[in-house]
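Accompanying notes for the structure given below.
Both counts, for ligands and for their atoms, begin at 1 and track the order of listing.
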Amino acid sequence: MREKLKYYIETWGCQMNEEDSEKLSGMLKAMSYTRTDIKEEASIIIFNTCCVRENAELKVYGNLGALKKLKQKNQDLVIAVCGCMMQQKGMADTIIDKYPFVDIIFGTHNAYKFPEYLNRVKQEGVRVKEIADKETEIVEGIPIDRESNIKAFVTIMYGCNNFCTYCVVPYVRGRERSRKPEDIEKEIKELISKGYKEITLLGQNVNSYGKGLEPAIDFAELLRRINNIEGLERIRFMTSHPKDLSEDVIYAIKDCDKLCEQIHLPVQSGSSRILKKMNRNYDREMYLELIRKIKNEIPNVGLTTDIIVGFPGETEEDFEETLSLIKEVEYDSAFTFIYSRRKYTPADIMEEQIDDHTKHDRFNRLVDVVNEISAKKNKEYEGKVVEVLVEGPSKNDASKLMGRTRTGKLVNFLGHKSSIGELVQVKITKAMSFSLMGEEI
Ligand code: 5AD
Ligand code: SF4
């Protein structure tokens, strides 16, 4: 029998890119390729790139350079580069010129055409470079090869209309487009029939879901519809923009049994002055008011956030306002970023760029405060019994199992292997800085 052809795929960046890679994988498996983690074994190598933060280009160039030798050894090897970075002005041409052994270059809007590009390379022996400037209609029905068989990400909308001044996403992912609720429900029902228990609804700004759809529907209504799907155990969603998170969504979390008590609500900065320069469309007070409302309606809610330090013009006072906001909100955890200049974004040409030393110093102070609060929040779980969806063996200790609470906390615990894929009750025995330890009861 002929040995199956293999592909290797490497993904940088956010959950959106992960999902695109799952689709590329799904298409390749449908073409009877199998996945490998060893580049040398592969007959197709795909790099799915990201451009949200700096150093991304250098990483991609370095990784591409290393492929030259492989291509010399195997002329049939197909090398493809895709993802957000290819949507940036001039980038695809740079790759074409600098790396003549790259066969296929495509962007975020036309990944669904990958089988066609592959065919052209193989049949016609040409190089393919196709970047769509504008977002296309949503293409449904692409096979998805998911990493887990217990929890899945389901994209409900693409793109972003917000144009935060530091961010490239609106330029590389295009304007907001929402999937039809029927298509989302269909995908979730198929996942349930395969045994999936938890889904995370995905979008850059899920709270503005539904704009332009007929008949009209908003995010809160979508949540309530999905909550009615039988067989599903848990629903999460990300990312929420504070300016768009409505009371209706808060009430939906309160009312709907499957909706987990967890919200990822990026604040970016605690200073109203900086938030204005970031074009976030809320200020410190509005954000804190929203947090008060959430905590009031959803006791023990898990709150996480994204924070950027060193945005142009950020003073020591602005930064201290960020620290004080974090202490006031008491996030369960936070993704912390050093501001990085992104070409073509308004913040890149702002004066008063902050020097590296100050940025790193603020970053370290920020991480200390975030970690201290995470540890304190984790401590509150000691002695409590929580519901955990068991995902598999623990990463560091195979004699234990791992899973997450409804609030999103990672738990490593002693339990029965037969519980994998099930919801179990776990008594928390010890809180660590970034996870909890416990025993199944
Ligand atoms: N520099 C630093 N962090 C950024 N993010 C987005 N763009 C930048 C940038 N230019 C962060 C934001 C966003 C998260 C996904 O990445 O905090 O919420
Ligand atoms: Fe970027 Fe702002 Fe859109 Fe998030 S909301 S993707 S930070 S522009």
Side-chain angles (χ1 to χ4, degrees), residues 11-20 49-57 83-85 87-88 108 135 153 155-178 200 202-209 211 219 237-245 263-271 274-282 287 290 303-314 318-319 322 325-326 329 331 333-350 353-356 358-360 362-363 366-367 370:
T11 312
W12 286 273
C14 71
Q15 205 50 57
M16 286 288 166
N17 262 16
E18 294 287 344
E19 224 240 346
D20 287 345
T49 64
C50 164
C51 59
V52 171
R53 282 177 295 278
E54 74 192 327
N55 291 333
E57 286 91 349
C84 304
M85 197 187 285
Q87 291 292 143
Q88 286 198 297
T108 51
E135 54 278 11
F153 290 95
T155 303
I156 61 165
M157 59 184 299
Y158 298 90
C160 180
N161 289 356
N162 288 318
F163 292 93
C164 302
T165 53
Y166 50 81
C167 186
V168 291
V169 168
Y171 306 95
V172 294
R173 291 263 168 196
R175 299 292 70 71
E176 287 176 2
R177 286 99 66 210
S178 296
T200 301
L202 218 57
Q204 306 291 354
N205 181 17
V206 287
N207 295 281
S208 71
Y209 171 80
K211 271 186 205 139
F219 184 53
F237 57 84
M238 68 188 285
T239 291
S240 296
H241 194 303
K243 79 177 164 58
D244 293 320
L245 183 76
I263 304 183
H264 181 63
L265 199 62
V267 65
Q268 313 297 2
S269 167
S271 153
I274 294 297
L275 287 169
K276 194 159 199 278
K277 288 183 73 173
M278 287 177 164
N279 190 31
R280 291 289 289 176
N281 282 303
Y282 56 86
Y287 185 89
L290 182 59
L303 285 171
T304 55
T305 199
D306 294 346
I307 303 161
I308 299 176
V309 292
F311 186 81
E314 184 188 70
D318 293 318
F319 174 64
T322 298
L325 181 135
I326 296 166
V329 177
Y331 294 104
S333 65
F335 297 100
T336 46
F337 303 103
I338 293 176
Y339 167 71
S340 72
R341 297 173 77 158
R342 303 281 76 199
K343 253 195 222 160
Y344 315 117
T345 60
D348 185 39
I349 46 171
M350 284 181 188
Q353 298 285 335
I354 306 293
D355 65 90
D356 275 356
T358 308
K359 277 189 197 169
H360 281 96
R362 287 182 190 161
F363 183 77
L366 173 76
V367 170
V370 165

Checklist line | Under 4.0 Å to a heavy atom of His241 - the qualifying atoms of ligand 2, by number | finding: 5 (S)

Next item on the list: Can you pull out the closest protein heavy atom to atom 2 (Fe) of ligand 2? Residue, atom name and distance to 0.1 Å, please.
Entry: Cys164 SG, 2.3 Å

Check: Who's the nearest protein heavy-atom neighbour of atom 3 (N) of ligand 1, and how far?
Finding: Phe337 CB, 3.5 Å

Margin query: Is it true that Glu314 and Ser269 share a donor-acceptor pair across their side chains at a distance under 3.5 Å?
Written below: no

Notebook entry, point to check: Which residue and non-hydrogen atom of the protein lie closest to atom 17 (O) of ligand 1, and at what distance in Å?
Noted result: Gln268 OE1, 2.7 Å

Next item on the list: Would you mind running through ligand 2 and noting each atom that sits below 4.0 Å from a heavy atom of Pro170?
Entry: 8 (S)

Margin query: Looking only at protein heavy atoms, which one is nearest to atom 2 (C) of ligand 1, and what is the separation?
Written below: Ile338 O, 3.4 Å

Check: What protein heavy atom sits nearest atom 3 (Fe) of ligand 2, and how far away is it?
Finding: Cys160 SG, 2.2 Å

Item checked: atom 4 (C) of ligand 1 [closest protein heavy-atom partner, distance rounded to 0.1 Å] -> Ile308 CD1, 3.7 Å

Notebook entry, point to check: Between Asp318 and Arg362, is there a side-chain N and carboxylate O pair less than 4.0 Å apart?
Noted result: no

Checklist line | Atoms in ligand 2 with a heavy atom of Gln204 nearer than 4.0 Å | finding: 6 (S)

Check: Should the pair Phe219 and Phe237 be assigned to parallel (<30°), tilted (30 to 60°) or perpendicular (>60°) ring geometry?
Finding: perpendicular

Check: What residue and atom, counting heavy atoms only, is the protein's closest point to atom 18 (O) of ligand 1, and at what distance?
Finding: Asp306 OD2, 2.6 Å

Checklist line | Polar contact flag, side-chain donor to acceptor under 3.5 angstrom, Lys211-Asn161 | finding: no

Next item on the list: Please identify which atoms of ligand 2 are closer than 4.0 Å to at least one heavy atom of Phe163.
Entry: 8 (S)

Margin query: Give me the nearest non-hydrogen protein atom to atom 7 (N) of ligand 1 as residue plus atom name, then the distance to 0.1 Å.
Written below: Tyr166 CD1, 3.3 Å

Check: Hey, which of Glu176, Gln204, Arg175 is the one that makes side chain to side chain contact (heavy atoms under 4.5 Å, CB included) with Pro170?
Finding: Arg175

Note to self: Suppose we measure from atom 7 (S) of ligand 2 to each protein heavy atom; which comes out shortest, and what is that distance?
What the structure shows: Tyr166 OH, 3.4 Å

Notebook entry, point to check: Can you tell me if Thr304 and His264 form a side-chain donor-acceptor pair at under 3.5 Å?
Noted result: yes

Item checked: Interatomic distance, Phe311 atom CZ to Gln353 atom CD [nearest 0.5 angstrom] -> 8.5 Å

Checklist line | Nearest protein heavy atom with distance in Å, relative to atom 5 (S) of ligand 2 | finding: Asn162 ND2, 3.4 Å

Item checked: Heavy-atom side-chain contact between Tyr171 and Gln87 under 4.5 Å -> no

Check: Is ligand 1 less than 4.0 angstrom away from at least one heavy atom of Thr239?
Finding: no

Margin query: Within the 4.0 Å heavy-atom shell around Arg342, which atoms of ligand 1 are there?
Written below: 10 (N)

Checklist line | Heavy-atom nearest neighbour in the protein, as seen from atom 1 (N) of ligand 1, with distance rounded to 0.1 Å | finding: Ser340 N, 3.0 Å

Check: Arg280 near ligand 2, heavy-atom distance under 4.0 Å?
Finding: yes

Checklist line | Atom pair CD (Gln15) and OG1 (Thr239), whose distance is rounded to the nearest 0.5 Å | finding: 9.5 Å

Next item on the list: Could you please spell out the steps behind the side-chain hydrogen bond (donor to acceptor under 3.5 Å, both in side chains) verdict for Asp348 and Thr345?
Entry: CA-CA 6 Å; Asp348 185 39; Thr345 60; 5.5 Å; no

Check: Hey, is CZ on Phe163 packed in by over 12 heavy atoms from elsewhere, all under 6.0 Å?
Finding: yes

Check: When you measure from atom 6 (C) of ligand 1 to every protein heavy atom, which one gives the shortest distance, and what is it?
Finding: Val52 CG1, 3.5 Å

Check: Only one of Asn205, Asn207, Asn281 forms a side-chain hydrogen bond (donor to acceptor under 3.5 Å, both in side chains) with Asp244, so which one is it?
Finding: Asn205

Checklist line | Closest protein heavy atom (residue, atom, distance) for atom 1 (Fe) of ligand 2 | finding: Cys167 SG, 2.3 Å

